[in-house]
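What follows is a set of notes on a single structure, which appears directly below.
For this chain, numbers begin at 1 and follow the sequence in order.
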Amino acid sequence: MRQITRFAALLPLTVAACLAFGPAQAAEDGNVPTAASVPLDNAYLFLDKMMDKYHAGSTLRLVQSYVSTPKLQIDHIAFTYDNALVLLAYLARGTPDDMVRARVIGDAFILLQSQAPVPDGRVLNSYYVSSAGKIGKDDNGADLGNVAWAGLALAQLYRKTNDAKYLDAATSIADWAVKNTYTTKGFGGFLGGWTAKRTAIKWSSAEYNIDVNALFTILDAAGAAAPAGHTWAQLEAASSNYVQLHMWNAAGKYYWTGADTSNSVVNKSLLPEDVQSWGYLAMPNAHSAASLTWSTTALKGDGPYAGLSFSASDTSGVWFEGTAQTALALKRRNQTGDATLVAQYLASIESAQVNGPHADGQGIIAASKDGLSTGDGSDKYFSALHIGATAWYALAKQNKNPLAPM
C-alpha cells in the first residue's frame with residue numbers, strides 16, 4: 001500500500017508570470033541554451049521563488065511544497081519528498097547558484113537528522129516552515145519512501161560535490177532503513193517505515209522498495225560502507241526481488257502497489273502510476289518496460305491535457321507529476337513511439353504551466369483539475385502549483401534520472 005503524506009502545505013503566494021529573463025543555463029541533455037528551454041527556465045524561477053519565500057542566501061531551510069488555492073488551504077508545510085526532488089532538480093541543471101541551493105537543502109536535511117525525536121539517521125515525513133528561523137516538525141512519522149528520497153538526494157549531492165558529510169548522511173538513512181524495515185518474512189524486502197509514535201508500519205510497498213533499491217545502488221556505486229551484517233548486493237537483491245518476483249502481474253503486465261500487514265498478500269485495490277515509471281527508472285528490464293506501456297493506456301487522463309492520472313481509480317484528469325515521471329522513463333526506454341509520447345507529455349505540461357488552473361507561467365500544477373482522486377482513501381490532488389511536479393518536469397526535460405547515479 002502506498003502511504004501518501006505529501007498533500008499539505010502552503011501559504012497564499014501571489015506570483016506573476018515572468019516573461020523576461022536571461023538565457024537558459026542548460027538545455028535538454030546538454031549545456032547549450034535553446035529557445036525550447038524557456039519553460040524550463042521559468043520552472044527554475046518558480047523553484048527559486050518558493051525556496052526564498054521565507055529566507056534567502058545561505059540560511060538553512062526547506063521549501064514550502066504548494067501554493068494555496070481556494071480548494072487547497074494547507075499552509076507552511078514542506079514535504080521531505082518534495083524537497084528531495086527540488087535538491088535533485090538543482091543538481092540536474094547544476095549552475096553555481098543551483099549548487100549553492102542544493103547544498104542549503106542538503107545541509108538542512110543533515111540538521112534535521114540530528115533533530116529527529118530520536119536521532120537515529122532518519123528524517124521525518126514533513127516539516128513546518130515560516131519566517132521564523134527554526135524548521136519545525138509537522139509529521140513525526142517516517143515513511144520509508146520519504147526517508148529514502150532524502151537519502152537519494154544526499155547521495156546524489158555527494159556524487160556532485162565529493163563532500164563526505166553528504167555520503168555519511170545518506171548512509172545513515174540507509175542504516176536506519178535496514179535496521180527498522182528490512183524483513184525476511186512473507187515477500188521479504190522492506191516494510192513501510194515508522195508511524196509518528198515510532199511504531200512499525202507493517203504493510204509493504206512496491207514504490208518504497210524501488211526507492212530503497214535506488215538508494216542502495218547509488219551508495220554502492222559511491223563506495224559507501226554497507227550496513228553492518230549486510231552487503232549492498234544482498235540489500236539490492238532483497239528490494240529488487242520483492243518488486244520483480246512478488247509485485248509483478250504477468251497477466252496485466254504492470255506492478256501491483258504492495259502487500260498487506262502480513263507482507264504475504266498482494267494489495268490489488270490500487271494501481272498507481274509511479275510504481276510503473278519508477279520501476280523502470282530504478283530497474284530497467286522487460287517487466288518495467290512493459291509496465292510503462294500499460295501506464296500510457298490504462299492511466300490515460302481525460303480532459304484537455306495529454307498525460308496520465310495518478311491511478312486507475314480516477315482517470316478524469318491528468319496528474320502532471322506522474323506525467324513527467326513517465327515522460328522521463330519513456331525518454332530513457334526509447335522504443336518505437338516513445339519520442340512522440342514524450343513530446344506530447346512535455347508539451348502538455350508546458351501548456352498547463354501557462355494556461356492551467358492557477359497557473360503562473362512558471363511552476364507546474366499538481367493536477368489538471370481539483371479533487372483528482374488517488375484511490376488511496378480520501379487523498380486527492382488539486383490544481384495547485386507544486387514544487388514536486390515542477391522538479392519532476394525539470395528532471396524529465398533534461399533527461400536526468402534521480403533513481404540512478406546522476
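Cation-pi contact between R93 and Y44: present, with separation from the ring centre below 6.0 Å and deviation from the ring axis of at most 45°.
No hydrogens or angles considered: a donor-acceptor pair under 3.5 Å links the side chains of S277 and E273. Under the 3.5 Å distance criterion, with hydrogens and angles disregarded, a donor-acceptor pair is assigned to the side chains of W149 and D211. Side-chain atoms of D97 and T95 form no donor-acceptor pair, as typed in the model, at a separation below 3.5 Å.
Closest of all the heavy-atom pairs between A250 and K253 is O-CG, 3.6 Å. The nearest pair of heavy atoms linking L124 to R122 is CD2-NH1, 3.7 Å. Here the shortest heavy-atom pairing between N213 and S239 reads ND2-OG, 3.0 Å.
Looking at heavy atoms from C-beta onward, Q234 lies in side-chain contact with Y182 at the 4.5 angstrom threshold. Between D338 and K331, every side-chain heavy-atom pair lies at or beyond the 4.5 Å cut-off. Looking at heavy atoms from C-beta onward, T80 lies out of side-chain contact with V147 at the 4.5 angstrom threshold. Inter-residue side-chain proximity for I173 and W176 is flagged as unmet; no heavy-atom pair is nearer than 4.5 Å. Taking 4.5 Å as the limit, some side-chain heavy atom of Y381 sits within range of a side-chain heavy atom of T374. Between L330 and T296, some side-chain heavy-atom pair lies under the 4.5 Å cut-off. Using a 4.5 Å cut-off on side-chain heavy atoms (C-beta onward), L112 and I135 make contact. A heavy-atom distance below 4.5 Å is not found between the side chains of L191 and I201.
A distance of 8.5 Å separates CG of L88 from CH2 of W392, quoted to the nearest 0.5 Å. Here the CD1 atom belonging to I365 is positioned 12.0 Å from the CG atom belonging to L72, to the nearest 0.5 angstrom. Considering OG1 of T257 and CD of E207, their distance stands at 7.5 Å, rounded to 0.5 Å. Between atom CD of residue Q276 and atom OG1 of residue T326 there is a gap of 9.0 Å, rounded to the nearest 0.5 Å. Between atom CG of residue N140 and atom OG1 of residue T195 there is a gap of 9.5 Å, rounded to the nearest 0.5 Å. Between the CD1 atom in I387 and the NZ atom in K49 there is a gap of 14.5 Å [rounded to 0.5 Å].
Between the side chain of N209 and the main chain of S205, a donor-acceptor pair closer than 3.5 Å is present.
For K134, the NZ atom sits in a loose shell: 12 or fewer heavy atoms of surrounding residues, nucleotides or ligands are nearer than 6.0 Å.
Taking the six-membered ring where tryptophan is involved, the planes of F187 and Y242 are perpendicular, since the angle between them exceeds 60° and thus also 30°. Relative ring orientation between F216 and F190 is described as tilted, the plane-to-plane angle lying within the 30° to 60° band. Taking the six-membered ring where tryptophan is involved, the planes of Y254 and W294 are tilted, since the angle between them lies from 30° to 60°. H287 and Y255 have perpendicular rings, their planes meeting at more than 60° on a 0 to 90° scale where under 30° would count as parallel.
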Does R101 form a salt bridge (charged side-chain N to carboxylate O under 4.0 Å, His left out) with D52? I'd like the steps, not just the answer. CA-CA 10 Å; R101 290 176 178 277; D52 295 343; 2.8 Å; yes
side-chain hydrogen bond (donor to acceptor under 3.5 Å, both in side chains) evaluation trace for D107 with Y166: CA-CA 8 Å; D107 290 345; Y166 300 124; 2.8 Å; yes
Kindly determine whether T217 and D220 satisfy side-chain contact (heavy atoms from CB on, under 4.5 Å), including the steps that lead there. CA-CA 5 Å; T217 299; D220 190 2; 5.6 Å; no
What's the verdict on side-chain hydrogen bond (donor to acceptor under 3.5 Å, both in side chains) for S309 and D314, showing C-alpha distance, side-chain angles and the deciding distance? CA-CA 7 Å; S309 61; D314 182 358; over 6 Å; no
Let's go through F79 and N125 carefully: what are the C-alpha distance in whole Å and the side-chain angles of both, what is the deciding distance for side-chain contact (heavy atoms from CB on, under 4.5 Å) to 0.1 Å, and is it a yes or a no? CA-CA 6 Å; F79 290 106; N125 289 327; 5.9 Å; no
Could you walk me through whether L219 and W232 satisfy the side-chain contact (heavy atoms from CB on, under 4.5 Å) test, starting with their C-alpha distance in whole Å, then the side-chain angles of each, then the deciding distance to 0.1 Å, before giving a yes or no? CA-CA 8 Å; L219 288 173; W232 290 126; 3.7 Å; yes
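In this structure, F320 has its ring center at least 6.0 angstrom away from the ring center of H386. Taking the ring centroids of H76 and Y54, they lie under the 6.0 Å cut-off.
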